[in-house]
Number of protein chains: 2
Amino acid sequence: MEINHKVHNCKDCVYRSWAFKNLSDEELKLINTKKVEKFYRKGEHICVEGDEIKDFMYLQNGLVKLYKTETNTREHIISIAKPKDFIGLLSVFSNKAHIYSITAIEDSVVCFVDLELIKSFIKSNGIFAIDFFEKISAVSDNVIKTRVDINTRQLRGRIAYILLLFSKHIYNSTKFSLPISRKEIAELIDMSTENVIRVLSEFRKDKLIQIEGKSIEILDLEKLEKFYELG
Amino acid sequence: MEINHKVHNCKDCVYRSWAFKNLSDEELKLINTKKVEKFYRKGEHICVEGDEIKDFMYLQNGLVKLYKTETNTREHIISIAKPKDFIGLLSVFSNKAHIYSITAIEDSVVCFVDLELIKSFIKSNGIFAIDFFEKISAVSDNVIKTRVDINTRQLRGRIAYILLLFSKHIYNSTKFSLPISRKEIAELIDMSTENVIRVLSEFRKDKLIQIEGKSIEILDLEKLEKFYELG
DNA sequence: TATCATTTATGATATATGTCATCTAAAACG
DNA sequence: CGTTTTAGATGACATATATCATAAATGATA
């Protein structure tokens with residue numbers, strides 16, 4: 001299968017201004033020669049729990065899930081990462097091996113930058129260090145916040161949260177195609193698959209949303225937000 | 001009320017080798033003159049959600065809880081921090097204001113170091129920067145891991161988790177005095193207070209633990225671990 | 001000390017959620 | 001293309017957990 005994908009020059013990367021704005025042209029050139037940009041088709045593994053951490057990973061495009069394997073048939077999803085997120089979280093600094101697996105839930109492009117190179121920049125370029133840590137801190141903080149938001153709510157509130165998450169923070173639209181299955185939603189919000197399906201049906205019957213397979217349209221944002229607020 | 005407490009010199013601090021081992025004597029002296037070491041009695045607030053973040057906070061001694069206020073009567077506890085933990089998490093780098101409140105659950109000593117000073121060391125001392133981020137990353141990673149551990153278990157598994165947490169990771173003893181109330185345990189594991197009490201009574205009746213008020217002794221570690229593993 | 005408030009404790013009951021069975025629709029595969 | 005597998009959907013029922021009520025024990029306060 002042909003994949004139409006060309007490796008970018010970091011200098012032209014839309015995210016240059018985001019993550020690497022404080023690097024000099026020299027440093028950026030170094031990253032550019034050393035980085036590996038990989039394309040992953042939906043469903044492909046980016047890394048597996050236990051893999052050695054060698055690179056700093058950066059989601060350039062697409063959507064991935066971080067998860068732990070519980071049993072043969074059940075996983076527990078920790079978070080969904082979106083473009084600009086540093087995937088692998090902070091483990092890269094505090095662990096030798098990945099503590100979560102990462103899989104693409106949409107066709108994705110991930111940038112791999114040798115961790116030692118990043119560390120050398122942290123050492124030599126203080127401005128970059130500060131800015132860089134602000135960015136990765138925000139990602140980790142957000143994971144904690146999301147876990148708390150989910151766990152303090154019950155079924156309907158959690159489903160509302162997920163719908164609002166995709167609508168507001170990922171797709172910026174009231175109409176989108178769900179990138180994950182009902183089972184995966186269940187694994188993300190710690191609920192049974194059947195109940196996820198049931199609540200989605202309930203929301204459909206109550207005209208909060210419209211569903212056609214994976215396609216979802218939010219019809220009544222206000223009511224959905226009320227479910228989210230009430231828990 | 002008299003408090004017998006004397007401010008230490010950072011150079012003599014037991015944690016020097018932990019957090020600040022890569023600072024020069026010069027730099028350490030600077031911290032020493034600028035840092036503020038505060039003593040908090042059990043129950044006293046260290047900071048409140050919304051407070052401006054000015055300092056990097058470091059738990060030298062004692063035990064504190066991080067939490068969000070949900071309603072007038074209910075809080076949600078994010079984590080319990082122990083000595084050597086950086087409290088306030090990564091928010092210090094990604095936020096202007098504290099997103100959680102922090103209160104001492106045991107008499108505690110907290111070191112406050114001006115955040116700008118820390119940042120200046122990150123900029124000027126690369127070795128310190130790397131080591132420092134490894135340390136704070138581990139704390140945040142651990143919070144995420146704990147939340148996942150709790151949420152993938154049900155009542156008995158969660159209570160077992162909490163008991164093992166205090167026993168193994170905080171007090172290093174099978175006998176200890178619970179620093180938090182049953183209600184606070186409930187707020188930490190997202191369960192009702194009544195059920196926390198019920199399961200503790202059940203564990204007592206089944207001779208897994210012995211309870212006398214706040215004093216807890218673990219009698220059957222193996223069975224407790226089995227509850228933890230099963231969920 | 002007596003009084004009041006809070007924490008711990010327990011039972012009865014309501015509610016939320018999970019599990020099992022079954023079915024249909026849709027996707028994957030030879 | 002038909003066959004097989006997987007995802008989605010729904011009902012009946014079991015189980016886990018929350019809620020409400022009440023009371024004893026403990027701690028705080030005047």
Side-chain angles (χ1 to χ4, degrees), chain A residues 1 41-44 65 70-77 105 150-163 177-206 209-216 227 230-231, chain B residues 1 41-44 65 70-77 105 150-163 177-206 209-216 227 230-231:
Chain A
M1 194 174 299
R41 210 158 261 296
K42 177 172 181 158
E44 284 180 341
K65 63 173 177 179
E70 309 250 294
T71 65
N72 272 344
T73 53
R74 182 130 184 134
E75 292 166 353
H76 183 254
I77 299 180
I105 56 175
I150 288 174
N151 296 318
T152 49
R153 286 170 172 76
Q154 40 191 32
L155 196 38
R156 281 161 197 80
R158 292 182 192 189
I159 297 285
Y161 180 84
I162 293 298
L163 292 172
S177 173
L178 258 187
I180 55 177
S181 68
R182 313 290 195 260
K183 183 167 175 254
E184 286 172 308
I185 295 180
E187 289 167 348
L188 180 53
I189 64 174
D190 295 312
M191 293 274 156
S192 71
T193 307
E194 292 93 329
N195 274 336
V196 171
I197 293 169
R198 245 184 280 270
V199 172
L200 284 173
S201 296
E202 187 187 310
F203 282 177
R204 174 171 41 74
K205 282 171 199 154
D206 293 346
I209 56 174
Q210 191 176 328
I211 319 181
E212 260 179 82
K214 295 277 186 199
S215 158
I216 294 221
F227 268 114
L230 295 179
Chain B
M1 197 174 301
R41 209 157 263 295
K42 179 174 180 158
E44 283 180 343
K65 64 173 178 179
E70 308 251 295
T71 64
N72 272 344
T73 54
R74 183 130 185 136
E75 291 166 355
H76 183 254
I77 300 179
I105 57 176
I150 288 174
N151 296 319
T152 49
R153 287 170 170 78
Q154 39 190 32
L155 196 39
R156 281 162 197 79
R158 292 183 193 189
I159 298 285
Y161 181 83
I162 293 297
L163 292 172
S177 173
L178 259 186
I180 55 177
S181 69
R182 313 292 194 260
K183 182 169 176 249
E184 285 172 308
I185 294 179
E187 289 166 349
L188 181 53
I189 64 175
D190 294 312
M191 292 276 156
S192 71
T193 307
E194 291 92 327
N195 275 336
V196 171
I197 293 169
R198 245 185 281 269
V199 172
L200 284 174
S201 295
E202 188 187 310
F203 282 177
R204 176 172 39 77
K205 281 171 199 153
D206 294 346
I209 56 172
Q210 191 176 328
I211 319 179
E212 260 180 81
K214 296 278 185 197
S215 159
I216 295 221
F227 267 115
L230 295 179

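Note that the structure is predicted; figures quoted are calculated from it, not measured. A, B, ... follow the sequence lines: proteins, then strands. Residue 1 opens every chain.
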K.L.:
Please enumerate all protein N or O atoms sitting under 3.5 Å from an N or O of nucleotides 11-15 of chain D, with distances to 0.1 Å.
P.N.:
{"unit_1": "D:dG11", "atom_1": "N7", "unit_2": "A:Arg198", "atom_2": "NH1", "d": "3.1"}

K.L.:
Can you give the first and last nucleotides of DNA chain C, 5' to 3', that have an atom under 4.0 Å from a heavy atom of chain A?
P.N.:
C:dA16 to C:dC20
K.L.:
Using five base pairs at each end, measure the axis-to-axis angle across the helix from C:dT1-D:dA30 to C:dG30-D:dC1 and round it to 10 degrees.
P.N.:
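One end axis against the other gives 50°.
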K.L.:
Any chance the rings of B:Phe203 and B:Phe227 have centres within less than 6.0 Å?
P.N.:
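Here the rings of B:Phe227 and B:Phe203 have centres that are less than 6.0 Å from each other.
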K.L.:
My understanding is that only residues two or more places apart in sequence, or in another chain, count here; which of them pass side chain to side chain donor-acceptor pair (under 3.5 Å) with A:Arg153?
P.N.:
none
K.L.:
Please state how far atom CD1 in A:Ile209 lies from atom C1' in D:dG8, giving the value in whole angstrom units.
P.N.:
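Whole-Å distance recorded here is 13 Å.
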K.L.:
The criterion is side-chain contact (heavy atoms from CB on, under 4.5 Å); which residues satisfy it with A:Thr152, sequence neighbours excluded?
P.N.:
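Result, side-chain contact (heavy atoms from CB on, under 4.5 Å) vs A:Thr152: A:Val148, B:Glu70, B:His76, B:Asp190.
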K.L.:
Who are the side chain to side chain donor-acceptor pair (under 3.5 Å) partners of B:Arg204, not counting sequence neighbours?
P.N.:
B:Ser201
K.L.:
Can you give one letter per nucleotide of nucleotides 24-30 of chain D, 5' to 3': B if a protein heavy atom sits under 4.0 Å from the base, S if only from the sugar-phosphate, - if neither?
P.N.:
-------
K.L.:
Does the pair A:Gln210 and A:Ile216 meet the rule for a side chain to side chain contact (heavy atoms under 4.5 Å, CB included), with working shown?
P.N.:
CA-CA 6 Å; A:Gln210 191 176 328; A:Ile216 294 221; over 6 Å; no
K.L.:
Rounded to the nearest angstrom, tell me the gap between atom CD1 in B:Ile197 and atom P in D:dA18.
P.N.:
13 Å
K.L.:
Under the rule for side chain to side chain donor-acceptor pair (under 3.5 Å), what residues qualify as partners of A:Thr193, not counting sequence neighbours?
P.N.:
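Side chain to side chain donor-acceptor pair (under 3.5 Å) list for A:Thr193, sorted by chain: empty.
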K.L.:
Applying salt bridge (charged side-chain N to carboxylate O under 4.0 Å, His left out) to B:Glu184 and B:Lys65, what does each step give before you reach the verdict?
P.N.:
CA-CA 10 Å; B:Glu184 285 172 308; B:Lys65 64 173 178 179; 2.6 Å; yes
K.L.:
Quick one, which residues of residues 178-192 of chain B touch DNA chain C with a heavy atom under 4.0 Å?
P.N.:
B:Ser181, B:Arg182
K.L.:
Give the rounded distance in Å between these two atoms: CD1 of A:Ile159 and P of D:dG8.
P.N.:
12 Å
K.L.:
Once you round to the nearest 0.5 Å, how far does CD1 of B:Ile180 lie from CG of B:Leu188?
P.N.:
5.5 Å
K.L.:
Rounded to the nearest Å, what distance is computed from the CD atom of residue A:Glu212 to the P atom of nucleotide D:dA9?
P.N.:
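Value for this atom pair: 11 Å.
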K.L.:
For A:Lys214 and A:Ser181, which heavy atoms make the closest approach, and how far apart are they?
P.N.:
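The pair with the smallest heavy-atom distance is NZ-CA, 3.2 Å.
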K.L.:
Let me confirm one number: the CD1-NZ distance from B:Ile211 to B:Lys205, rounded to the nearest 0.5 Å.
P.N.:
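These two atoms lie 10.0 Å from each other.
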K.L.:
Please report the closest heavy-atom contact between A:Arg182 and A:Gly213, naming both atoms and the distance.
P.N.:
NH2-O, 3.1 Å
K.L.:
In residues 150-158 of chain B, what residues come within less than 4.0 Å of DNA chain C, judged by heavy atoms?
P.N.:
none
K.L.:
Whether A:Lys214 contacts D:dA7 is assessed here as follows: a side-chain N or O lying under 4.0 Å from the phosphate OP1 or OP2. Is that the case?
P.N.:
no
K.L.:
Roughly how far apart are A:Ile159 CD1 and A:Ile185 CD1, rounded to 0.5 Å?
P.N.:
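Spacing of CD1 (A:Ile159) from CD1 (A:Ile185) equals 6.0 Å.
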K.L.:
Quick one: pull up CG in A:Leu200 and CD1 in A:Ile209 and give me the separation to the nearest 0.5 Å.
P.N.:
5.0 Å
K.L.:
List the residues meeting side-chain contact (heavy atoms from CB on, under 4.5 Å) with B:Glu194, not counting sequence neighbours, and say none if there are none.
P.N.:
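Testing B:Glu194 for side-chain contact (heavy atoms from CB on, under 4.5 Å), a comparison that skips the adjacent residues, returns B:Ser192, B:Arg198.
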K.L.:
Which heavy atom in A:Pro179 sits nearest to a heavy atom in A:Lys42, and how many Å separate them?
P.N.:
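Residues A:Pro179 and A:Lys42, closest heavy atoms: O-NZ, 3.3 Å.
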K.L.:
Between B:Ile189 and B:Asn151, does a side chain to side chain contact (heavy atoms under 4.5 Å, CB included) hold up when you go through it step by step?
P.N.:
CA-CA 8 Å; B:Ile189 64 175; B:Asn151 296 319; over 6 Å; no
K.L.:
For the atom pair OG (A:Ser177) and CD (A:Glu212), what is the distance rounded to the nearest 0.5 Å?
P.N.:
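With rounding to 0.5 Å, OG (A:Ser177) is 11.5 Å from CD (A:Glu212).
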K.L.:
Checking B:Arg156 now: which residues fulfil side chain to side chain donor-acceptor pair (under 3.5 Å) with it, not counting sequence neighbours?
P.N.:
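Side chain to side chain donor-acceptor pair (under 3.5 Å) check on B:Arg156 returns B:Glu202.
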